[in-house]
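Below you'll find the structure, written out as C-alpha cells, and then a few comments.
It should be emphasised that the depicted structure is a prediction, and the values quoted were computed from it without experimental measurement.
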Number of protein chains: 2
Amino acid sequence: MKLSTRARYGTRALLDLALHYKSGPVLLKDVARRQRISLSYLQHLIAPMVAEGIVGSIRGVRGGVWLAKPPEEINLGYIIGLLEGSLAPAECVDNPETCSRSGACATQDVWGEIKEAIDTVLESMTLQDLVERQKNKSHEEITYQI
Amino acid sequence: MKLSTRARYGTRALLDLALHYKSGPVLLKDVARRQRISLSYLQHLIAPMVAEGIVGSIRGVRGGVWLAKPPEEINLGYIIGLLEGSLAPAECVDNPETCSRSGACATQDVWGEIKEAIDTVLESMTLQDLVERQKNKSHEEITYQI
DNA sequence: GATTAATTGACTAATAAAGTCATGTATTAT
DNA sequence: ATAATACATGACTTTATTAGTCAATTAATC
Ligand code: FES
Ligand code: FES
C-alpha cells in the first residue's frame, strides 16, 4: 500500500516549484538535481501538470518551468489525483462492479472509509502549507548546525 | 496505492470465520467457495494467522479452522498489519534513512499524517463491527428481493 | 490403514512500476 | 540563418512485486 514514486517525486517537484514561485522560469534540470530525481523521469512526471495548466513551461534558452497558480490554491488531493489517480485502497470503492460480492460486502465500507480519511488529509493541505513547513525545516536544520 | 489482494482476501476470510464464530471448525474449502478465493491461495493467507494464534486449526476428518479469539477483540489494524505490514504510504515514514532528503523534507510529514489517518480508521474497527455490518447488509439484500 | 484436510515449500505467471534513450519541436542569442 | 538550449513525446527495457499454482507432507479421524 505504497504511494508510487511517481506521486512522491511529483509532489516534491511541485513543492520545489512552489518554493520558487514568482521567480521566473526554473530549469527542470535544476529541480531534478535538487530533488534527486533523474531528469528524464521528471520530464514525464511534469508533462501532465503542464497539460493541466498548473505548471507553465517555455522551451529554449532562458526557458524553464514554473508554478502557474498560487501555491495556496493548489491542494495536495488534486496533485495526487493527477499523478496517481484515486487513492481508494480497493478498486471496488470507485467501481463496485469490479468486485463479485459487492453490494453485500462489509469490508467494502471499510475501504471506503479509508479512502475518505486519506482524502480528508490531502484536501486540507495546500502547496503553500508545504512551503511553510519546508521553510521551517530548512531553518531548523541550519540552526542545529551551530 | 491499492491494498494487496492478500489483505483484502485475508480480511474477508476472517470476517467469514467471525460469522461462524463458536460454530465449530469450518472447512477452508467452504470459506474459499463463499469468498470466491482459490483454496490454494487462501491456504497461504491463513497460515500466518494460525501461527499468530488468532485462528485455530485442526487437520483431518472433521477438522477445519475457526476464529480463536472473540471478534470484538480483533481490530482491523492488527489484521492488516499481519497481512500487509505497515500502511505507511512511503517507506521513509517508518525508516527515515531510506529517503535521501529525509530530515528536511516537508512531504514526509504529509505521508506520516496519511498513515495516522488510515491507522485511526482501522484501529477503531473490530471484526465484530464488521460482522454487524455484514448482517445488516445481508438482511437488506433479502428484504429488497421481496 | 484409508481418507480427509491442514501445512509447507518451490515454482511460474502476470502485472505494474520505474527508469532510460532517442527523436522531435519551440525558443533565444549571435 | 543557424547553433545552442531546453521542454515534449514516444518507444522501449529493466526491475520488482504480487498473485497464483502445484506437489509433497503431516496430522487427525473413521
Ligand atoms: S466488494 Fe470489493 S472487497 Fe468486497
Ligand atoms: S524523506 Fe521520504 S519523501 Fe521526503
Which residues pass the side-chain hydrogen bond (donor to acceptor under 3.5 Å, both in side chains) test with B:Glu84, sequence neighbours left out?
B:Ser4
Which nucleotide of DNA chain C is the first, and which the last, in the 5' to 3' direction, to come under 4.0 Å of a heavy atom belonging to chain A?
C:dA18 to C:dA29
Mind checking side-chain contact (heavy atoms from CB on, under 4.5 Å) for A:Leu27 and listing every partner two or more places apart, or none if nothing turns up?
A:Lys29, A:Asp30
Scan residues 16-29 of chain B against DNA chain D and write down, sorted by residue number, each residue with any heavy atom closer than 4.0 Å; if none is found, say none.
none
For A:Asn75 and A:Leu122 the tightest heavy-atom approach is OD1-O, 3.6 Å
Students should find that the hydrophobic cluster of A:Trp66, defined by side-chain heavy atoms under 4.5 Å apart, otherwise consists of A:Ile58
Got a sec, which residues hit side-chain hydrogen bond (donor to acceptor under 3.5 Å, both in side chains) with A:Ser86, two or more places apart in sequence or on another chain?
A:Asp94, A:Lys115
Taking CG from A:Asp30 and C1' from D:dT5, how many angstroms apart are they, rounded to a whole number?
13 Å
Whether each nucleotide of nucleotides 17-30 of chain D has a protein heavy atom under 4.0 Å at its base (B), only at its sugar-phosphate (S) or at neither (-) is summarised, 5' to 3', as --SBBB---BBBBS
Set of residues satisfying side-chain contact (heavy atoms from CB on, under 4.5 Å) with respect to B:Thr5, sequence neighbours excluded:
B:Arg8, B:Tyr9, B:Tyr41
With sequence neighbours left out, the residues meeting salt bridge (charged side-chain N to carboxylate O under 4.0 Å, His left out) with A:Arg36 are none
Which residues pass the side-chain hydrogen bond (donor to acceptor under 3.5 Å, both in side chains) test with B:Asn95, not counting sequence neighbours?
none
Salt bridge (charged side-chain N to carboxylate O under 4.0 Å, His left out) involving B:Arg133 - partner list, sequence neighbours excluded:
A:Asp109, A:Glu113
By side-chain hydrogen bond (donor to acceptor under 3.5 Å, both in side chains), which residues pair with B:Arg34, not counting sequence neighbours?
B:Asp16
